[in-house]
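Below is one structure, written out as structure tokens; the observations come after it.
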Amino acid sequence: MTERRRIAVIGGGAWGTALATVASRNGHDVTLYARERQTVDAVNETHENPAYLPGVGLPVELTATDNLESAFDGAEMALIVVPAQTLRILARELKSFLPAGLPLVLCSKGIEKSTGRFASQVVADELPDQPLAVLSGPSFAHDVARGLPTAVTLAAEDVDLSDRLAAVLSGDTLRIYASSDIVGVEAGGALKNVLALAAGAIAGRHMGPSAGAAIITRGFVELRRLGEALGARTETLMGLSGLGDLVLTCSSDQSRNFAYGAALGRGEDLTTLKLAEGVHSASIAARLARQHGIEAPIIQTVADVLEGSVSLDDAIRALLSRPLKRETD
């Protein structure tokens with residue numbers, strides 16, 4: 001059994017709660033930080049998080065707090081599970097008290113819209129002395145929290161650190177593969193969100209599973225080419241945090257990005273939906289593709305539709321009318 005560790009989990013949403021739950025069940029001493037007092041009270045008093053993980057019982061040993069600094073008391077590592085667009089704000093909050101050398105595992109997927117930087121780059125900007133790792137892969141919070149088998153990837157530049165962190169966080173139901181390819185893990189996790197919007201829109205338009213398979217397959221070509229241009233390794237993009245996450249996210253309404261795309265495809269009012277991370281990432285992903293000379297028509301089309309410069313029907317027609325070419329070109 002892995003030695004008991006003191007772990008802080010920052011972010012009381014579905015994914016943060018799920019990761020805290022698994023770590024607690026694995027015998028670690030876990031404190032979950034959430035901004036909402038009602039979430040903290042629910043976790044501590046009823047051992048549930050009804051706002052984000054309804055129907056899932058949480059370990060009685062798991063404790064929650066709304067005091068950010070106290071969440072880190074005695075912590076030997078921290079999982080940072082906040083949206084990509086608020087990550088820089090959190091990092092700045094941590095500056096005044098975060099212990100030097102404390103490993104931070106970044107668990108959110110996305111690209112900072114204002115800068116085009118991935119999570120590890122954003123945190124390194126603000127907290128240059130902290131050891132960083134990223135965790136990503138095909139995983140739904142409800143599945144993980146319920147103890148269903150899941151496999152993901154954890155990457156750190158220091159391979160010894162990634163091995164140690166993966167060993168601590170792995171358990172009977174969560175298998176974590178170590179890697180040193182931070183760029184690959186982050187690129188796969190961010191870009192698949194954009195492609196899941198496209199897959200959802202195809203499903204919402206009732207265009208059939210054949211069209212959905214085509215979008216996933218051709219979308220993966222764009223993900224791989226752009227990821228490699230950004231410095232990712234091909235084998236990482238072909239693994240859990242790339243292809244694996246893409247397949248999962250593009251095939252279920254449990255994915256917020258797929259569900260958002262499906263609502264878009266059905267022509268529904270999107271203002272009532274929780275905003276999916278791919279909506280933030282689409283325009284910057286398209287810009288990165290242009291900057292690196294990567295042909296990415298699906299990513300560009302998603303960005304155009306979200307920005308309102310083209311209708312969904314016109315976008316689909318444009319994709320279908322693209323000039324024929326060899327598949328491997």
Side-chain angles (χ1 to χ4, degrees), residues 83-85 108-114 116 138 140 187-227 242-325 327 329:
Q85 307 309 318
S108 300
K109 305 168 184 177
I111 308 172
E112 188 176 51
K113 190 173 183 179
S114 60
F140 287 141
L191 297 176
K192 63 87 185 175
N193 285 335
V194 180
L195 299 169
L197 292 169
I202 291 296
R205 268 293 194 271
H206 303 291
M207 299 186 72
S210 298
I215 282 290
I216 293 172
T217 306
R218 295 307 302 173
F220 179 65
V221 173
E222 298 183 17
L223 183 154
R224 179 177 58 79
R225 289 176 177 170
L226 179 53
L243 180 59
D245 207 1
L246 176 68
V247 171
L248 179 70
T249 310
C250 290
S251 59
S252 172
D253 280 330
Q254 285 193 68
S255 161
R256 185 180 294 181
N257 292 282
F258 182 88
Y260 192 98
L264 175 65
R266 292 189 295 266
E268 297 175 0
D269 179 10
L270 303 178
T271 60
T272 61
L273 299 179
K274 293 180 179 179
L275 192 59
E277 186 58 49
V279 175
H280 291 298
S281 300
S283 61
I284 187 61
R287 191 178 81 195
L288 288 171
R290 292 192 301 271
Q291 289 175 347
H292 289 273
I294 303 298
E295 190 175 21
I298 298 173
I299 292 174
Q300 183 63 59
T301 296
V302 170
D304 291 342
V305 169
L306 292 174
E307 290 170 0
S309 60
V310 63
S311 71
L312 180 58
D313 288 332
D314 286 344
I316 292 171
R317 280 193 290 269
L319 284 175
L320 292 175
S321 64
R322 285 175 54 79
L324 297 175
K325 62 179 182 180
E327 184 179 19
D329 289 348

- Message: Rounded at 0.5 Å granularity, tell me how far NZ in Lys109 sits from CG in Asp245.
- Response: 3.5 Å

- Query: Can you tell me how far CD1 of Ile298 sits from CD1 of Ile216, rounded to the nearest 0.5 angstrom?
  - Reply: 10.0 Å

- Item | Nearest-0.5 Å distance that lies between atom OG in Ser210 and atom CD1 in Ile202 | 11.5 Å

- Note on the structure: Between Asn257 and Leu197, the two heavy atoms sitting closest are O-CD2, 3.2 Å

- Message: Restricting to non-hydrogen atoms, name the atom on Ala285 and the atom on Leu226 that form the minimum distance, rounded to 0.1 Å.
- Response: O-CD2, 3.8 Å

- Query: Do you know the tightest heavy-atom contact between Ser255 and Thr249?
  - Reply: OG-CG2, 3.0 Å

- Decide yes or no for Leu270 and Leu264: does some side-chain heavy atom of the first lie under 4.5 Å from some side-chain heavy atom of the second? yes

- Scanning both residues in full, the closest heavy-atom pair of Lys192 with Leu223 reads N-CD1, 3.9 Å

- Message: How long is the straight-line distance from CG of Leu248 back to CG of Leu243, given to the nearest 0.5 Å?
- Response: 11.5 Å

- Message: Using side chain to side chain contact (heavy atoms under 4.5 Å, CB included), reason through Ile316 and Met207 one step at a time and then give a plain yes or no.
- Response: CA-CA 10 Å; Ile316 292 171; Met207 299 186 72; 3.7 Å; yes

- Query: When rounded to the nearest 0.5 angstrom, what is the spacing between CG in Asp304 and CD1 in Ile299?
  - Reply: 12.0 Å

- Judged by modelled atom types alone, do Asp269 and Thr271 share a side-chain donor-acceptor pair under 3.5 Å? yes

- Message: Between Pro297 and Glu222, is there a side-chain heavy-atom distance shorter than 4.5 Å?
- Response: yes

- Message: For Leu306 versus Val279, what's the shortest heavy-atom pair and its separation?
- Response: CD1-CA, 3.9 Å

- Message: Regarding Gln300 and Glu295, do their side chains bring together a donor and an acceptor under 3.5 Å, going by distance alone?
- Response: no

- Nearest heavy-atom approach of Ala303 to Ala282 is CB-O, 3.8 Å

- Note on the structure: d(Ser281 OG, Glu277 CD) to nearest 0.5 Å is 4.5 Å

